[in-house]
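Below you'll find the structure, written out as structure tokens, and then a few comments.
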2 protein chains.
Amino acid sequence: MTVLKDVSGGVALWRRIVDAIRLDIIGGKLAEGDRLPTEAALAERFSANRHTVRRALAVLADEGVVGAEQGRGTFVRSARRLSYPIGKRTRFSEGLAGQARMLTTQHLGDRLENANATVAAALGIRAGSKVVRLDALSSADGKPISRATTWLAYRRFPDVAQRVIGGQRMTAVFASYGINDYSRASTRISARHADVEETQLLGLAPGAILLVSEAVDVDSDGVPISYALSRFPAERMELVV
Amino acid sequence: MTVLKDVSGGVALWRRIVDAIRLDIIGGKLAEGDRLPTEAALAERFSANRHTVRRALAVLADEGVVGAEQGRGTFVRSARRLSYPIGKRTRFSEGLAGQARMLTTQHLGDRLENANATVAAALGIRAGSKVVRLDALSSADGKPISRATTWLAYRRFPDVAQRVIGGQRMTAVFASYGINDYSRASTRISARHADVEETQLLGLAPGAILLVSEAVDVDSDGVPISYALSRFPAERMELVV
DNA sequence: AATAGTTGTCTATTACATTAGACAAATCGA
DNA sequence: TCGATTTGTCTAATGTAATAGACAACTATT
């Protein structure tokens, strides 16, 4: 069991306690139904005041991760984190099938943009070329699990936005352009704090950590067809290569 | 350009400004040598006071990311983040070759443990079996870039600790056990805040974000040979699949 | 029924984060 | 050289984080 404290670094102690306890739960040190150490014991472990621990527990209770029962103790309610597989043939919905009952993807908007240097390099086109940008939010069992922005070359996929709004999966949309197979060329993974927009859309506590993946898909000739920037809440998701 | 603010979520505003500006720099919106917006402009962008922005800039200056010059402005000093490739044939030192002048790995310690459920499952052995645990810290050009813990079955690699202390790379150590080829079976990636020990070892500001990778390597027969838990500072590293 | 152990609530105090304003010091161009 | 722009420093006020202690409410065991 790790001990925190020392200096804050701009992250409040109650917040670090939240992260530490959630890590114990997700990491399997505490199983569903287990009783947590008493507030007094946790306060000692984290060299914090009992009130500070209570604030952390209140956050976890709010998230549904733990539940307190007066006189008895505080118990682990739900311990699961989804795994998102990444590989040559990554398909969003297939990968999560079986891990959640209901998977939904909500179209947030689309627009025509001029490719910036990053997007242009990923898609192998000139900077400034027209690209279609799609914004989407995916949820599993009602809880948001990813906020994705996808760019595609306008020249090749001029009306991709309409087809996506039609409710089709990307696999089907690509097929409608005659692309019956595609694969993952590269995935870059980083991590950072969520900003306010992401916090709201993903239903996170401000200051939550995101796993950020930048993925390029290519058709069977190796030509890039899409560049996707996906943001996953680190507390609900992990990526498996 | 993203705007932050709203509620804190336990992460101080100056800290979120640090993360946001660093992201702009690493993400290429600001190149090395570029002048940042003035403190007044940044204060407006983040809906913060100039003093709060100054605190954030002081942290970035301390990290060597930016430098302020009275009367002139604040400039980007160093913008690079290392990329760590992950794939079937992941080799630590090869992957980073060319990105840093000097790569060192420091052995922090080793001990005999009884495998817990996680380690046992990864190595395909019984929980409670004896395993050798190795702790190491890797640095590029003097800056720590990963803190790794590796477990190997004691039965198969009884004196692996001595051989590692001898200064050999894992590739050579495995070869000394007759394993001339091995590959990566799976990699799980998550993210969280650093705890105090990690903060100190990796030379990070408290509250820094870590990319956590759990990797299982297998020999040519597909038998697991090692389970490695590596922690990378998200501000200095990204993972590329 | 009594008691020990646990969570729930209240008040008070101290340290840190943030805002606010004013002015000094350095740089650059007109 | 002047004036506008920018970073550096100081003082002060306010709100949130964290500590501290006391006691109520509830649970389980003896």
Side-chain angles (χ1 to χ4, degrees), chain A residues 3-21 30 33-77 193 196 205-207, chain B residues 3-21 30 33-77 193 196 205-207:
Chain A
V3 175
L4 313 171
K5 197 69 184 261
D6 241 337
V7 275
S8 74
V11 182
L13 180 53
W14 62 263
R15 181 53 208 267
R16 285 177 287 155
I17 296 176
V18 166
D19 290 343
I21 294 178
L30 292 166
D34 279 4
R35 205 189 82 168
L36 273 67
T38 67
E39 296 174 348
L42 289 170
E44 189 178 8
R45 167 176 161 202
F46 294 118
S47 309
N49 191 275
R50 189 181 144 226
H51 294 294
T52 309
V53 169
R54 281 179 60 74
R55 175 155 189 188
L57 291 175
V59 171
L60 290 168
D62 206 55
E63 292 176 5
V65 175
V66 305
E69 297 176 26
Q70 187 166 2
R72 298 193 62 218
T74 305
F75 300 82
V76 178
R77 290 256 183 279
H193 282 123
V196 172
Chain B
V3 175
L4 313 171
K5 198 65 183 264
D6 239 336
V7 273
S8 74
V11 182
L13 180 53
W14 63 264
R15 181 54 207 268
R16 284 178 285 155
I17 296 175
V18 166
D19 291 343
I21 295 178
L30 292 166
D34 279 5
R35 205 190 83 169
L36 273 68
T38 66
E39 293 173 351
L42 288 170
E44 189 178 6
R45 168 179 160 201
F46 294 118
S47 309
N49 190 274
R50 190 181 143 225
H51 294 294
T52 308
V53 169
R54 281 179 60 74
R55 174 153 189 190
L57 290 174
V59 172
L60 289 168
D62 206 55
E63 292 176 5
V65 175
V66 304
E69 297 176 26
Q70 188 167 2
R72 298 192 62 218
T74 306
F75 299 83
V76 178
R77 291 253 183 281
H193 282 123
V196 172

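Chain A is the first sequence line, chain B the second, and so forth, proteins listed ahead of strands; every chain is numbered from 1.
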What is the separation between atom NE2 on His51(A) and atom P on dT11(C), rounded to the nearest whole Å? 12 Å
Checking Leu30(A), Val53(A), Leu60(A) against Leu36(A) for side-chain contact (heavy atoms from CB on, under 4.5 Å), the one that qualifies is Leu30(A)
For Phe75(B) and dT27(C), give me the distance from atom CZ to atom P, rounded to whole Å. 11 Å
Heavy-atom donor-acceptor pair, Arg16(B) side chain to Val11(B) backbone, under 3.5 Å: yes
What's the closest nucleotide to the side chain of Gln70(B) if the choices are dA25(C), dT27(C), dA17(D)? dA25(C)
How close or far is atom P of dC23(D) from atom CZ of Arg54(A), stated in whole angstroms? 18 Å
Taking CH2 from Trp14(B) and P from dG15(D), how many angstroms apart are they, rounded to a whole number? 22 Å
Would you mind reading off the distance between Arg15(A) atom CZ and dA18(D) atom P, rounded to a whole angstrom? 12 Å
Within less than 4.0 Å of OP1 or OP2 of dT7(D), is there a side-chain N or O belonging to Thr74(B)? yes
Going through the distances and angles, do Arg55(A) and His51(A) end up as a side-chain contact (heavy atoms from CB on, under 4.5 Å)? CA-CA 6 Å; Arg55(A) 175 155 189 188; His51(A) 294 294; over 6 Å; no
Report the residue (Asn49(A) or Glu69(A)) whose heavy-atom-nearest nucleotide on DNA chain D is the more 5′ of the two. Asn49(A)
Would you kindly give the CG-to-C1' distance between Leu60(A) and dT7(C), to the nearest whole Å? 16 Å
Counting the atoms with a prime plus P, OP1 and OP2 as sugar-phosphate, which does Thr38(A) contact under 4.0 Å by heavy atoms, base, sugar-phosphate, or nothing? sugar-phosphate
Where the side chain of Ala68(B) is defined as all heavy atoms beyond and including C-beta, which of dG8(C), dT27(D), dG8(D) is the nearest nucleotide? dG8(D)
Answer yes or no: side-chain N or O of Arg50(B) and base N or O of dG21(C) forming a donor-acceptor pair under 3.5 Å. no
Mind checking Arg55(A) for me? I need base, sugar-phosphate or nothing, with any heavy atom below 4.0 Å counting as a touch. sugar-phosphate
Hey, does the side chain of Arg72(B) reach the backbone of Arg35(B) with a donor-acceptor pair shorter than 3.5 angstrom? no
Between P on dT16(D) and CG on Leu13(A), what's the gap in Å once rounded to a whole number? 18 Å
As an exercise, state the distance from CD1 of Ile21(B) to CD1 of Ile17(B), rounded to the nearest 0.5 Å. 6.5 Å
Phe46(A) has an atom CZ; how far is it from atom P of dA18(D), in whole Å? 13 Å
OP1 or OP2 of dT19(D) less than 4.0 angstrom from a side-chain nitrogen or oxygen of Thr52(A), does that happen here? yes
